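Below is one structure, written out as structure tokens; comments come after it.
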Amino acid sequence: EERERREREKLEKLKTAANEDWSHVFGDAPMIQSATKTDVGRWTKIGKLNKDMEGKEVLVRGFLHTSRGVGKGAFVLLRSSLYTVQCVAFESKGDGKSGGIPSAMIK
């Protein structure tokens, strides 16, 4: 019974999240396409990541290898060529304006 209740609550949470407007959190960024050349200098290659970049915000490109939600966070493994990097994001308090992920978006 407890497990069924948790599953119902989780399903209700996901339904509610699907109907909300998240544009204030995620914004509306233009699609990066091959038709135009983007500013290559702003992207960091996964193979070039190093300890000096710890705690800094970087942009990386890669293929989603795996993803999983754990507790109040989400782990994503990105792969590019021979290199992989694990990314982590945690739930924010409130509506996500503080820079984290809104709890409704972590499943």
Side-chain angles (χ1 to χ4, degrees):
E1 292 180 18
E2 177 65 22
R3 183 177 181 191
E4 290 174 2
R5 183 188 62 78
R6 284 184 297 184
E7 288 296 321
R8 282 193 307 270
E9 287 176 358
K10 184 177 179 181
L11 183 59
E12 187 60 36
K13 181 180 173 183
L14 290 173
K15 285 181 182 177
T16 302
N19 294 327
E20 290 186 38
D21 178 18
W22 296 102
S23 61
H24 68 283
V25 177
F26 298 106
D28 188 17
M31 187 178 219
I32 299 173
Q33 298 177 330
S34 298
T36 60
K37 190 168 184 168
T38 60
D39 181 14
V40 179
R42 69 181 179 160
W43 297 98
T44 303
K45 292 184 183 239
I46 292 175
K48 300 286 184 184
L49 294 172
N50 60 50
K51 199 78 162 140
D52 296 334
M53 297 176 182
E54 186 175 338
K56 295 181 181 173
E57 184 176 309
V58 295
L59 295 175
V60 293
R61 290 183 187 184
F63 297 99
L64 179 63
H65 189 70
T66 57
S67 68
R68 60 190 166 97
V70 178
K72 295 185 182 253
F75 290 92
V76 175
L77 192 63
L78 294 179
R79 182 178 186 91
S80 177
S81 185
L82 300 173
Y83 303 100
T84 59
V85 63
Q86 179 173 304
C87 309
V88 62
F90 291 100
E91 173 183 324
S92 67
K93 303 290 184 210
D95 60 4
K97 290 181 181 176
S98 62
I101 298 175
S103 61
M105 300 304 288
I106 297 177
K107 42 177 177 166

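Reckoned from all heavy atoms, side chains included, excluding hydrogens, waters and symmetry mates. Quick caveat, the model's predicted, so the values are computed rather than measured.
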Looking only at heavy atoms, the pair that brings Ser80 and Ile46 closest together is CB-CD1, 3.6 Å

Item to check | Beyond-backbone contact of Leu78 with Cys87, side-chain heavy atoms, under 4.5 angstrom | outcome: yes

Is the number of heavy atoms from other residues, nucleotides or ligands under 6.0 Å of Tyr83 OH greater than 12?
no

Taken in chain and number order and not counting sequence neighbours, the residues that satisfy side chain to side chain donor-acceptor pair (under 3.5 Å) with Glu54 are Lys51

What one should report as the nearest heavy-atom pair of Met53 and Lys48 is CE-O, 3.6 Å

More than 12 heavy atoms of other residues, nucleotides or ligands under 6.0 Å from CD of Glu57: is that the case? no

Of all heavy-atom pairs linking Thr66 and Leu64, the shortest is O-CD1, 3.5 Å

Arg79 and Thr84 have their tightest heavy-atom pair at NH1-CG2, 3.5 Å

For the pair Lys10 and Glu7, find out whether any cationic side-chain nitrogen is under 4.0 Å from an anionic carboxylate oxygen.
no

Rounded to the nearest 0.5 Å, the CD atom of Glu4 sits from the CZ atom of Arg6 at a distance of 11.0 Å

Subject >> Salt-bridge present (Arg5, Glu9; N to O < 4.0 Å) >> reply: yes

Between Leu49 and Val76, is there a shared hydrophobic cluster once you connect ILVMFWY residues whose side-chain heavy atoms come closer than 4.5 Å?
-> yes

Between Thr44 and Val58 the two heavy atoms that sit nearest each other are OG1-CB, 3.9 Å

Connected via hydrophobic side-chain network under 4.5 Å: Trp43 and Phe63 | no

